[in-house]
Each structure stands twice: as structure tokens, then as C-alpha cells.
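Report on one structure; see the data block that follows.
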2 protein chains.
Amino acid sequence: MAKHDPDLDQLFQALADPTRRAVLTRLAEGPATVSELARPTGLRLPTVMRHLSVLEGAGLIASAKDGRVRSCAIVPEALAPLRSWLDDQRALWEARLDRLDDYVTKLMKEREHGPGPKN
Amino acid sequence: MAKHDPDLDQLFQALADPTRRAVLTRLAEGPATVSELARPTGLRLPTVMRHLSVLEGAGLIASAKDGRVRSCAIVPEALAPLRSWLDDQRALWEARLDRLDDYVTKLMKEREHGPGPKN
DNA sequence: ATGATACTTAGCGATATGGCTAAACATGAT
DNA sequence: ATCATGTTTAGCCATATCGCTAAGTATCAT
């Protein structure tokens, strides 16, 4: 079980950080250098470098060095696996939606009566 | 900058783990108890418990205790924020690609006449 | 060749994550 | 009451993550 899908792992992991999502959004406007990406974050360069290499490791961005400047750009097709995972899940979830709906409703009702566990 | 969106943070973070994704996929088939969810993972109960509370914290599942058994179910609308983030990004990324396309086209045309810009 | 610029690497500290065991509850069955 | 069952809590260990500073490398400008 637990088919390890390192691709999805890395994608989700990379996107779990707000700084990294902000970088992606910034890069959607066009390529930028490391410093340009760092400035609006308020973080130090090495820290941003780390974020960038996580993004690059996940395949979300590509970068190349020109002289002493590295410029980074989005890899547009990188979100595809994520999108198809989402689509797959939605398909599965919706297949059971009717039953789940009833069930959740029942859960909520139960929760209103019995005080759940002491949490 | 970096508007922290804890909602997305938690969602992406929760989905970054293969065990947790497997649990979700399992739950798409219908509700299950903690033990039932634990069995196929090969992990110990407390470990699975932790995964479940991460999923519940992210709003991806709901659970309620009936007697000594806790059953868990998917929360179907939970993926919505993720889906809309993805859609937003895709829109931005595609807009960028269009502009890039135009830009390249423009470069080509200019090049036919005079020497292009310095880079 | 000197210095400024733009990254890059190395390494530290605090906290988070993901696994475990052992022990505690809580409920259902006898 | 006792015991089995199903979950939960507490706490440990190893590793990963995210921030930093300090020092290194490479390139460009003078």
C-alpha cells in the first residue's frame, strides 16, 4: 500500500509554504532574479535560495545563471500532476457524495447531542 | 507581502504525506474507523491517529465517536480552496505565456528589420 | 588589481514532523 | 467486577524545515 509518489509529495510539500507560493505568484508575472524574488519577502538571500531550490526540486521553477545573475522562471506544466490528482479525487469523492452527505449529516446530529470525547 | 493563508498551508501540508493521501483515497470509498484506516498502512495506531488529526485539522475529514469507535469520513468540499488556488495560478501562468508568446513574436518581427534589443 | 555585486556554501538554533512504545481511558461483553 | 477492544495520551528519538550569520566564489566595473 502507500504507493509512495515522490512527485506529488514534493509538489504538495513545496506548495505548503506561503513564501514559496508567493514566489510562484510573482514569477507568473515573468522571470526574475534571485534578489528580485528575495526583496518582497523580507527574508535573507540564503533563506530565499533554499526556497528556490525546493521549488526547483519539485519541478515548479527552472533557473539558469547568466553572468553572476541567476534568473528563475515558472515551469508551466509543473502543476499538471497536482491537477490530475485533484481531478481523480474529486471523481472518487463525488461518486460517493450522496452517501457521504447523509453520513456527515448524521455525524453532525450526533455531535449536537452527545458531548464528544473530552477534547 | 506573503499573506499567510493558513488554510492553504494546512491543506497542502496535509496532502504532502503519502499515508495521508492514501487515507483520503480509502475514505473516498466510504467512512471507516480508525483501526480500519490504520490496518492497510502498516503503521501503529498512535501514528495513524496523528495523521488523522492532521487531516481533520486541515478540514479534509470529519470524525465522530460512536461508543468506543471513532468513524471518519471525507469532507467533500474541503478541496475547493485548493482547486481554486490551482485555477488562479493556471490563469496567471497562462496569461504570462500569452504575453511571452507576443513578446517573442514581436522580437522576431523586429529582428527582420533592425538589430534587436541588447539582450 | 581592487572593489562592488550577486549569488552560494557551511553551519547553527529552534521548532515541526513522523515514527515508535508504554500506559491510560472508555465502552461493550461476560 | 473483570476483561477485551478501540482509541487516546504522553513521551522519546531521528530527521527535516525554516530562519539566521559568516564566509566563500564568481563576475562586472573601474
Side-chain angles (χ1 to χ4, degrees), chain A residues 1-2 4-6 8-24 31-58 60-73 107 110-111 113-119, chain B residues 1-2 4-6 8-24 31-58 60-73 118-119:
Chain A
M1 91 113 13
H4 201 210
D5 184 340
L8 279 180
D9 286 5
Q10 279 189 296
L11 276 174
F12 279 121
Q13 184 66 43
L15 295 172
D17 184 284
T19 299
R20 288 193 289 263
R21 289 196 307 274
V23 165
L24 285 182
T33 70
V34 175
S35 304
E36 285 168 352
L37 292 172
R39 190 165 330 104
T41 66
L43 298 174
R44 299 297 191 173
L45 261 175
T47 305
V48 174
M49 283 286 299
R50 191 66 157 178
H51 284 304
L52 292 177
S53 63
V54 171
L55 287 170
E56 193 157 16
L60 285 162
I61 69 173
S63 74
K65 203 159 178 181
D66 179 22
R68 57 187 161 170
V69 173
R70 173 174 299 274
S71 49
C72 305
L107 283 190
E110 280 171 3
R111 186 167 271 185
H113 308 148
K118 49 155 173 244
N119 65 9
Chain B
M1 79 127 2
H4 199 145
D5 184 340
L8 278 180
D9 286 6
Q10 279 189 296
L11 277 173
F12 279 121
Q13 185 65 45
L15 296 172
D17 185 283
T19 299
R20 287 193 291 262
R21 288 197 308 274
V23 165
L24 286 182
T33 71
V34 174
S35 304
E36 285 168 352
L37 291 171
R39 192 176 8 262
T41 66
L43 299 175
R44 299 299 190 170
L45 261 173
T47 305
V48 174
M49 283 286 300
R50 182 154 238 119
H51 284 305
L52 293 177
S53 64
V54 170
L55 287 170
E56 192 157 17
L60 285 162
I61 69 173
S63 75
K65 205 160 178 182
D66 179 22
R68 57 187 163 172
V69 173
R70 174 173 298 275
S71 31
C72 305
K118 44 275 152 203
N119 59 0

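Below, read A as the first sequence line, B as the second, and so on, with proteins coming before strands; counting in each chain starts at 1. In this text the structure is predicted, and so the values were computed from the model without any measurement. No hydrogens, no waters, no symmetry mates; every other heavy atom, side chains included, goes into these values.
- Between M49(A) atom CE and dC20(D) atom P the separation is 14 Å, expressed in whole Å.
- Across every non-hydrogen atom of T19(A) and D17(A), the tightest pair is N-OD1, 2.7 Å.
- Spacing between atom CZ of R21(B) and atom P of dG18(C) amounts to 12 Å, rounded to whole angstrom units.
- The NE2 atom of H51(A) sits 12 Å away from the P atom of dT17(D) (whole-angstrom rounding).
- Proximity of L37(B) to C72(B): side-chain heavy atoms (C-beta onward) are separated by under 4.5 Å at one or more points.
- Taking side-chain N and O atoms only, R68(A) has no distance below 4.0 Å to OP1 or OP2 of dT25(D).
- With contacts defined as side-chain heavy-atom distances shorter than 4.5 Å, the pair R21(B)/D9(A) qualifies.
- Taking side-chain N and O atoms only, T33(A) has a distance below 4.0 Å to OP1 or OP2 of dC7(C).
- Between R70(B) and dT8(D) there is a side-chain N or O to OP1 or OP2 distance below 4.0 Å.
- Taking 4.5 Å as the limit, every side-chain heavy atom of R20(A) sits out of range of all side-chain heavy atoms of L24(A).
- Per the geometry, NZ belonging to K65(A) stands 13 Å off P belonging to dT25(D), to the nearest Å.
- When the C1' atom of dT5(C) is taken as reference, atom CG of L45(A) falls 11 Å away, rounded to whole Å.
- Side-chain contact between L52(B) and R70(B) is absent, with no heavy-atom pair separated by less than 4.5 Å.
- Phosphate proximity of dT21(D) to R44(A): present, with a side-chain N or O under 4.0 Å from OP1 or OP2.
- Between E36(B) and R50(B), the residue anchored closer to the 5' end of DNA chain D is E36(B), taking for each the nucleotide with the nearest heavy atom.
- Taking atom CD of Q13(B) as the reference point, atom P of dG18(C) lies 6 Å away to the nearest angstrom.
- The CZ-C1' distance, from R20(B) to dG18(C), rounds to 9 Å in whole Å.
- Contact check, S35(A) against dA6(C): no side-chain N or O comes under 4.0 Å of OP1 or OP2.
- For the OP1/OP2 pair of dC20(C) and a distance below 4.0 Å, the side-chain nitrogens and oxygens of T47(B) include at least one atom meeting the criterion.
- Between dT9(D), dC20(D), dG19(C), one nucleotide has an atom nearer to the side chain of T19(B) than all others, and that is dG19(C).
- We find that CG of D17(B) is positioned 14 Å from P of dA16(D), with the value rounded to whole Å.
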